[in-house]
Amino acid sequence: AGVAAYGANANSMEPNRRERLSQATADELAESCPSVPKEALAAFARAQGREYSTNRLRLDAQWPEHAGQGECWHLEVSAQRGASWNEWSPDRVRVYSSVPVSSDNPPPQTRNWNASDYREKKLVWENHT
């Protein structure tokens with residue numbers, strides 16, 4: 001009964017661990033990369049992420065959600081932990097900015113090409129721990 005109770009308790013704590021990771025990362029980015037809009041940081045703080053069975057987690061968010069014709073921000077973090085009861089520890093944080101590019105030529109190895117969807121992505125900030 002004790003193991004089952006622990007398992008239920010550990011699973012109920014998991015969303016809190018993800019929230020703490022995303023909020024701590026958003027706070028770090030606000031300080032380390034001031035060019036990131038506050039709205040992009042807020043979107044990242046709400047990111048749910050994808051957890052893998054290897055005790056790895058990937059959180060990412062794009063702002064605005066539908067890029068349109070303006071500048072778009074993409075924030076991503078990968079994290080790991082030793083066991084399911086441990087806190088997530090970020091090992092890579094990246095911030096990208098992208099702008100629409102008009103081009104009639106597709107990038108290499110492109111199957112379907114729509115010139116209006118093509119965006120040039122630029123790495124703005126990166127941190128490896």
Side-chain angles (χ1 to χ4, degrees):
V3 173
Y6 171 76
N9 188 32
N11 287 338
S12 67
M13 292 173 57
E14 189 57 34
N16 293 332
R17 289 187 184 119
R18 278 189 236 131
E19 288 173 13
R20 283 193 295 272
L21 173 67
S22 61
Q23 188 59 55
T25 305
D27 293 345
E28 176 188 353
L29 287 172
E31 185 177 313
S32 303
C33 189
S35 60
V36 178
K38 290 182 181 3
E39 296 87 350
L41 295 173
F44 183 76
R46 293 187 304 270
Q48 293 299 310
R50 289 180 295 274
E51 186 175 342
Y52 301 96
S53 61
T54 57
N55 279 327
R56 306 241 350 124
L57 177 73
R58 180 184 163 128
L59 295 168
D60 60 349
Q62 177 176 303
W63 183 85
E65 192 173 319
H66 303 290
Q69 294 301 312
E71 184 176 35
C72 181
W73 291 86
H74 185 89
L75 293 76
E76 61 183 44
V77 62
S78 61
Q80 61 183 346
R81 62 183 178 183
S84 62
W85 54 83
N86 296 123
E87 291 289 327
W88 291 106
S89 174
D91 54 11
R92 177 178 285 172
V93 181
R94 289 182 175 166
V95 177
Y96 296 96
S97 171
S98 68
V99 292
V101 176
S102 60
S103 175
D104 293 330
N105 298 322
Q109 301 192 11
T110 301
R111 288 184 185 204
N112 300 317
W113 175 247
N114 181 350
S116 65
D117 291 340
Y118 185 60
R119 303 182 69 79
E120 184 175 344
K121 192 173 184 181
K122 177 179 78 167
L123 181 64
V124 175
W125 189 83
E126 181 174 28
N127 184 17
H128 295 278
T129 56

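- For the atom pair CD of Gln80 and CZ of Arg92, the computed distance is 11.5 Å after rounding to the nearest 0.5 Å.
- Of all heavy-atom pairs between Leu41 and Leu29, the closest is CD2-CB, 3.7 Å.
- Put simply, SG on Cys33 and CG on Leu75 are 8.0 Å apart, with the number rounded to the nearest 0.5 Å.
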* To do: Would you check, one step at a time, whether the test salt bridge (charged side-chain N to carboxylate O under 4.0 Å, His left out) holds for Asp60 with Arg94?
  => CA-CA 9 Å; Asp60 60 349; Arg94 289 182 175 166; over 6 Å; no
* Checking side chain to side chain contact (heavy atoms under 4.5 Å, CB included) for the pair Trp73/Glu39: CA distance, chi angles, key distance, verdict? -> CA-CA 10 Å; Trp73 291 86; Glu39 296 87 350; over 6 Å; no
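- Atom CG of Asn16 and atom CG of Leu21 lie 12.5 Å apart (nearest 0.5 Å).
- Minimum interatomic distance between Pro64 and Cys72 (heavy atoms only, all atoms of both residues): O-SG, 4.0 Å.
- No donor-acceptor pair closer than 3.5 Å links the side chain of Arg20 to the backbone N or O of Trp88.
- No side-chain heavy atom of Val99 sits less than 4.5 Å from a side-chain heavy atom of Lys122.
- Between Leu59 and Gly49, the closest heavy-atom pair is CD2-CA, 3.4 Å.
- Side-chain contact between Glu126 and Val93: absent, with no pair of heavy atoms (C-beta onward) separated by less than 4.5 Å.
- Contact detail for Phe44 and Val77: the closest heavy-atom pair is CZ-CG1, 3.4 Å.
- When all heavy atoms of Ala83 and Asn55 are compared, the pair lying nearest together is CA-ND2, 3.7 Å.
- Linking ILVMFWY residues whenever their side-chain heavy atoms come closer than 4.5 Å, directly or via other members, places Trp125 and Val36 in the same cluster.
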* Would you sort out whether Arg81 and Glu51 count as a salt bridge (charged side-chain N to carboxylate O under 4.0 Å, His left out), showing the intermediate values? => CA-CA 11 Å; Arg81 62 183 178 183; Glu51 186 175 342; 2.9 Å; yes
* To do: Would you please test Ser97 and Glu71 for side-chain hydrogen bond (donor to acceptor under 3.5 Å, both in side chains) and show each step?
  => CA-CA 7 Å; Ser97 171; Glu71 184 176 35; 2.7 Å; yes
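- Residue His74 holds its NE2 atom at 12.5 Å from CZ of Arg119, rounded to the nearest 0.5 Å.
- The two residues Ala45 and Ser22 make their nearest non-hydrogen contact at O-OG, 3.0 Å.
- Between Leu57 and Arg18 there is a side-chain heavy-atom pair separated by less than 4.5 Å.
- With a 4.5 Å cut-off on side-chain heavy atoms, Ser35 and Val124 count as touching.
- Arg17 places a side-chain N or O within 3.5 Å of a backbone atom of Ser84 that can act as its donor or acceptor partner.
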